[in-house]
A.B. asks: 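Okay, handing you the structure first.
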Amino acid sequence: MTGWRRVCPHPWRVVYGVFVWIGPGLTTLVGGVLLFGGSEVGSMPGAVAAMVFFAGWSVLGFRLSRVGVHVGAEGVRYCTLTRTCTKPWRDVVGFELRRYVVAQPVAEAWTIWIITSTGPPVETDIGFIRPHHPRSLRSAAEVRTALTELHAALAWSRRTT
């Protein structure tokens with residue numbers, strides 16, 4: 001296994017990828033207008049603020065495009081919007097499908113958890129709501145397939161170490 005491979009890609013990953021490309025494009029456009037437009041630009045602070053906004057937009061899109069669970073030779077990596085957590089295979093005990101606690105009163109929701117020997121379990125964003133709900137981004141079959149992939153990656157890591 002080389003590099004990092006995403007397990008169960010997020011359904012909106014294409015939209016996030018577009019964010020990544022639109023941000024630098026608009027930042028460059030506004031920067032070009034500032035650079036070559038000079039005094040003809042109506043508001044210099046407004047144009048600078050627009051550049052900062054589009055640069056932030058791009059960073060947000062980049063982080064959103066990385067959100068999810070990834071497996072690699074080093075272990076399992078879980079990326080959220082604000083942080084990335086990598087658990088080495090030696091610390092991973094397994095993966096479980098557990099009830100999503102926040103959504104219990106509303107619906108029957110399930111997510112995949114990473115079970116480790118060195119700390120509390122880590123909840124992932126791979127989950128579903130049953131019966132299928134409009135806010136559920138994945139089906140139960142997709143989540144079960146992802147769980148099978150994670151178990152296979154863990155088995156692979158045990159054979160290679």
Side-chain angles (χ1 to χ4, degrees), residues 1-28 31 51-161:
M1 196 179 299
T2 59
W4 293 99
R5 183 177 54 81
R6 185 187 307 262
V7 177
C8 196
H10 197 280
W12 288 32
R13 68 187 178 282
V14 174
V15 174
Y16 300 150
V18 170
F19 272 36
V20 171
W21 290 105
I22 288 177
L26 291 175
T27 304
T28 304
M51 284 182 63
V52 170
F53 173 78
F54 291 130
W57 170 302
S58 184
V59 169
L60 176 67
F62 179 78
R63 284 302 300 176
L64 285 171
S65 70
R66 300 297 186 263
V67 166
V69 179
H70 309 264
V71 292
E74 296 85 19
V76 61
R77 177 175 286 171
Y78 178 58
C79 301
T80 66
L81 184 61
T82 57
R83 68 186 185 99
T84 298
C85 172
T86 303
K87 300 289 184 183
W89 285 121
R90 69 178 175 277
D91 295 342
V92 176
V93 175
F95 304 94
E96 292 181 1
L97 193 59
R98 293 185 178 181
R99 293 219 39 172
Y100 181 56
V101 180
V102 176
Q104 268 183 330
V106 178
E108 184 181 354
W110 299 83
T111 57
I112 294 177
W113 290 67
I114 303 167
I115 311 301
T116 65
S117 60
T118 58
V122 178
E123 183 180 10
T124 70
D125 70 333
I126 301 175
F128 66 93
I129 301 173
R130 188 179 14 222
H132 189 69
H133 190 274
R135 288 183 39 196
S136 183
L137 297 175
R138 296 177 179 92
S139 69
E142 288 174 310
V143 174
R144 287 191 192 91
T145 300
L147 189 59
T148 302
E149 282 183 51
L150 289 167
H151 283 298
L154 180 60
W156 172 87
S157 75
R158 300 291 191 251
R159 286 192 305 271
T160 59
T161 55

A.B. asks: If you take all heavy atoms of V93 and S117, which pair is closest and at what distance?
C.D. replies: CG2-N, 3.6 Å
A.B. asks: Give the minimum heavy-atom separation between R6 and S65, together with the two atoms involved.
C.D. replies: NH2-O, 2.5 Å
A.B. asks: Mind checking side chain to side chain contact (heavy atoms under 4.5 Å, CB included) for V59 and listing every partner two or more places apart, or none if nothing turns up?
C.D. replies: none
A.B. asks: How far apart are the closest heavy atoms of I112 and F95, and which atoms are they?
C.D. replies: CG2-CB, 4.4 Å
A.B. asks: Taking all non-hydrogen atoms of both residues into account, name the closest pair between W89 and G72 and its distance.
C.D. replies: NE1-O, 2.7 Å
A.B. asks: Going by side chain to side chain donor-acceptor pair (under 3.5 Å), name the pairs with one or both residues in residues 77-87, residues two or more places apart or in two chains.
C.D. replies: R63-T84, R77-T86
A.B. asks: Do R99 and W110 form a cation-pi contact, if we require the NZ or CZ to be under 6.0 Å from the six-membered ring centre and within 45 degrees of the ring's axis?
C.D. replies: yes
A.B. asks: For a quick test of reading the model, state the closest non-hydrogen atom pair linking I126 to C8 and the distance between them.
C.D. replies: CD1-CB, 4.1 Å
A.B. asks: side-chain contact (heavy atoms from CB on, under 4.5 Å), that's the test. Do T111 and D125 meet it? Break it down for me.
C.D. replies: CA-CA 7 Å; T111 57; D125 70 333; over 6 Å; no
A.B. asks: Using a 4.5 Å cut-off on heavy atoms from C-beta on, say whether the side chain of W57 contacts that of I22.
C.D. replies: yes
A.B. asks: Can you confirm whether W113 sits close enough to T124 that some side-chain heavy atom of one is under 4.5 Å from a side-chain heavy atom of the other?
C.D. replies: no
A.B. asks: Is it true that R5 and E149 make a salt bridge, defined as a side-chain N closer than 4.0 Å to a carboxylate O?
C.D. replies: yes
A.B. asks: Does S58 reach the main-chain N or O of F54 with its side chain, forming a donor-acceptor pair under 3.5 Å?
C.D. replies: no
A.B. asks: Decide side-chain contact (heavy atoms from CB on, under 4.5 Å) for L154 and V92; before the verdict, give the C-alpha distance in whole Å, the side-chain angles of both, and the deciding distance to 0.1 Å.
C.D. replies: CA-CA 8 Å; L154 180 60; V92 176; 4.0 Å; yes
A.B. asks: Going by the rule salt bridge (Lys or Arg N to Asp or Glu O under 4.0 Å), which residues pair with R90 if we only count those two or more places apart in sequence or in a different chain?
C.D. replies: none
